[in-house]
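Naming: A, B, ... by sequence-line order, numbering from 1 per chain.
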2 protein chains.
Amino acid sequence: LIEMRGIEKVYKLGSERVNALRGIDLDVSEGEYVALTGPSGSGKSTLMHLIGCLDSPTAGRYLLAGSDVSSMSDAALARVRNRQIGFVFQTFNLLPRATALHNVEIPLIYGGLGSRERRRRATAALERVGLADRMKHQPNQMSGGQRQRVAVARALVTDPSILLADEPTGNLDTATGNSILELFAQLHASGQTIVLVTHEADVAAHARRHIVLRDGKIESDDANK
Amino acid sequence: LIEMRGIEKVYKLGSERVNALRGIDLDVSEGEYVALTGPSGSGKSTLMHLIGCLDSPTAGRYLLAGSDVSSMSDAALARVRNRQIGFVFQTFNLLPRATALHNVEIPLIYGGLGSRERRRRATAALERVGLADRMKHQPNQMSGGQRQRVAVARALVTDPSILLADEPTGNLDTATGNSILELFAQLHASGQTIVLVTHEADVAAHARRHIVLRDGKIESDDANK
Ligand SMILES: Nc1ncnc2c1ncn2[C@@H]1O[C@H](COP(=O)(O)OP(=O)(O)OP(=O)(O)O)[C@@H](O)[C@H]1O
Ligand SMILES: Nc1ncnc2c1ncn2[C@@H]1O[C@H](COP(=O)(O)OP(=O)(O)OP(=O)(O)O)[C@@H](O)[C@H]1O
Ligand SMILES: [Mg+2]
Ligand SMILES: [Mg+2]
């Protein structure tokens with residue numbers, strides 16, 4: 001499903017260059033549940049943005065479901081992002097002035113779904129993350145962990161085949177975090193591919209495969225465990 | 001140092017009321033190191049904002065260093081916040097278009113310090129959190145954990161007598177998180193009062209006292225351990 005060869009990502013800041021990814025080879029098959037860990041600044045979010053087609057690599061090849069992403073048009077990339085991929089951002093990226101319900105409906109608007117069905121699916125997604133009583137509230141009226149769960153609901157509402165979650169439990173207490181991981185376990189059991197970035201070892205232990213990044217390279221990958 | 005009696009906080013959302021804090025009695029002495037934990041939405045950040053004089057309670061009394069906060073003028077509150085308190089926000093609250101160095105200098109500008117001394121202290125604070133090579137970068141050019149550490153540096157640069165840190169290691173890997181906790185241990189040893197919100201049990205174990213919040217009330221407090 002995901003095939004990367006020699007992937008590099010350089011950020012240019014004025015005259016300076018930050019080599020965020022220095023040659024990544026990665027294969028992820030359909031239905032796998034992968035945890036990605038590594039030190040702060042090691043390139044985890046950068047790699048997730050590339051997998052999710054939110055950014056382009058500086059060098060290297062990326063085939064998603066057999067298609068070469070670098071040769072796809074912007075419109076085709078947007079369709080892949082909206083139809084196949086659900087993304088939980090490390091920074092949540094919610095619209096501050098829209099209700100939780102509206103935030104979760106947004107991916108379905110792009111998908112062309114009717115308003116009644118949109119509302120039904122978005123409500124169900126918010127119930128699944130335990131926020132049934134927060135539908136009409138805006139992000140700036142919620143706690144950090146509640147905003148994070150709205151971001152998880154928004155990523156799941158399109159029933160994506162690939163879920164990319166960047167630190168989805170970073171602001172959640174153990175019990176609430178476990179309920180989100182339980183939700184991911186159900187998605188994994190139903191065949192979704194999941195890539196999860198975390199800095200917590202016990203969260204990484206929920207995945208089936210563990211890749212460690214360091215300084216923009218894969219330090220270890222227990223793929224054939 | 002911190003004396004709260006019967007503290008309540010109600011958020012009014014249209015016709016709805018959210019009782020975020022339902023009667024908190026709390027005493028924190030100078031030099032204590034307190035961890036505050038509890039489920040997502042239990043009121044931790046709300047309580048931290050009240051302790052840090054960033055918000056006013058709906059009811060109850062709060063004495064900070066013997067002064068009744070509710071009777072202080074806005075100017076007096078701003079002076080207390082700038083001189084006595086360092087706050088690490090759960091949402092970092094950095095200026096996105098300013099460099100890391102400038103973000104950390106800002107509390108010193110309010111304090112009326114000269115520009116050379118400001119630069120020296122801000123540089124030292126960023127070095128202490130391991131971001132010496134990131135001084136000239138803006139927050140949106142950094143990783144999540146790097147932004148979090150800029151927020152820690154900014155809270156420490158004024159050498160506050162009270163440090164309030166809301167989830168300071170939420171985006172950091174274990175090694176980087178431990179270096180921040182090591183920094184807090186040094187501050188505690190030098191007499192600073194620290195209140196730390198965390199959802200990670202091993203982070204809470206670094207403190208000397210552990211208060212657990214649930215549904216806006218103190219569920220347990222091992223103050224006399
Ligand atoms: N500005 C606001 N307006 C309305 N309600 C709010 C606001 N901020 C917080 N709340 C509500 O008050 C309650 C307590 O929120 P608070 O942010 O203090 O929780 P928390 O313990 O810090 O949670 P987390 O661990 O998720 O960060 C929550 O139910 C939240 O929805
Ligand atoms: N937009 C950007 N512009 C410039 N440099 C960037 C940008 N985003 C990230 N970087 C840099 O690239 C490197 C990798 O960043 P990345 O966000 O991928 O790390 P990370 O592993 O997710 O870290 P964290 O665990 O702290 O979230 C870091 O050194 C960071 O400063
Ligand atoms: Mg990251
Ligand atoms: Mg909070």
Side-chain angles (χ1 to χ4, degrees), chain A residues 11-16 18 20 36-46 48 89-92 96 99 129-131 133-134 136-149 166-167 169-180 197-204 212-214, chain B residues 11-16 18 20 36-46 48 89-92 96 99 129-131 133-134 136-149 166-167 169-180 197-204 212-214:
Chain A
Y11 293 112
K12 293 183 192 59
L13 300 181
S15 59
E16 230 185 299
V18 176
L36 185 59
T37 66
S40 174
S42 56
K44 303 180 296 294
S45 296
T46 301
M48 291 287 267
F89 291 89
Q90 185 172 9
T91 49
F92 312 162
T99 64
V129 297
L131 290 177
D133 59 340
R134 293 276 156 193
K136 302 285 185 201
H137 294 169
Q138 296 177 4
N140 60 359
Q141 297 169 339
M142 292 185 186
S143 79
Q146 289 165 340
R147 284 194 296 269
Q148 186 156 41
R149 284 180 279 159
D166 197 343
E167 298 278 3
T169 62
N171 281 278
L172 300 178
D173 60 292
T174 309
T176 313
N178 280 342
S179 68
I180 296 299
V197 168
T198 181
H199 67 282
E200 296 178 68
D202 50 353
V203 172
V212 181
L213 271 195
R214 181 176 288 276
Chain B
Y11 292 111
K12 293 182 193 59
L13 299 181
S15 59
E16 230 186 299
V18 176
L36 186 58
T37 65
S40 173
S42 56
K44 303 181 295 296
S45 296
T46 301
M48 292 287 267
F89 290 91
Q90 186 172 8
T91 48
F92 311 163
T99 64
V129 298
L131 289 176
D133 59 341
R134 293 277 155 191
K136 302 286 184 197
H137 295 168
Q138 295 176 5
N140 60 356
Q141 296 169 338
M142 291 185 186
S143 77
Q146 290 165 341
R147 285 193 294 270
Q148 186 155 41
R149 285 179 281 159
D166 197 343
E167 298 278 1
T169 62
N171 280 276
L172 300 177
D173 59 291
T174 307
T176 312
N178 279 343
S179 67
I180 295 299
V197 167
T198 181
H199 68 280
E200 296 178 70
D202 49 353
V203 172
V212 180
L213 271 194
R214 182 175 289 276

Residue pair B/Asn171 / A/Gln90, side-chain heavy-atom distance below 4.5 Å: yes
Polar side-chain atom of B/Lys44 near backbone of B/Val212 as donor-acceptor pair, under 3.5 Å: no
Contact class of B/Leu172 relative to chain A, heavy atoms under 4.5 angstrom: both
B/Val18 portion near chain A, given a 4.5 angstrom heavy-atom threshold: side chain
Proximal component of B/Gln148, with respect to chain A [non-hydrogen, under 4.5 Å]: neither
Residue among A/Gly14, A/Pro39, A/Gly41, A/Ala20 with most heavy-atom pairs under 4.5 Å to chain B: A/Pro39
Side chain / backbone / both / neither for B/Gln146 at chain A, heavy atoms under 4.5 Å: both
Non-hydrogen side-chain atoms of B/Arg149 and B/Arg134 separated by less than 4.5 Å: no
With B/Thr198 via side chain to side chain donor-acceptor pair (under 3.5 Å) - residues at least two apart: none
All side chain to side chain donor-acceptor pair (under 3.5 Å) counterparts of A/Thr37, not counting sequence neighbours: A/His210
Distance, nearest 0.5 Å, that separates CD of B/Glu167 from OG1 of B/Thr91: 11.5 Å
Segment of B/Ser40 engaging chain A (4.5 angstrom heavy-atom cut-off): both
Proximal component of B/Thr46, with respect to chain A [non-hydrogen, under 4.5 Å]: neither
Pairwise distance CD(B/Gln141) to OG1(B/Thr99) - rounded to 0.5 angstrom: 10.0 Å
Least distance between heavy atoms, B/Gly38 atom then B/Ser42 atom: C-OG, 3.5 Å
Closest-packed option against chain A by number of heavy-atom pairs under 4.5 Å, given B/Glu16, B/Gln138, B/Lys136: B/Glu16
Most chain B-contacting option - heavy-atom pairs closer than 4.5 Å, from A/Ala201, A/Ser143, A/Gly145, A/Gly170: A/Gly170
Residue B/Glu200 versus chain A: region with a heavy atom under 4.5 Å: side chain
A/Ser45, part contacting chain B, at a heavy-atom distance under 4.5 Å: neither
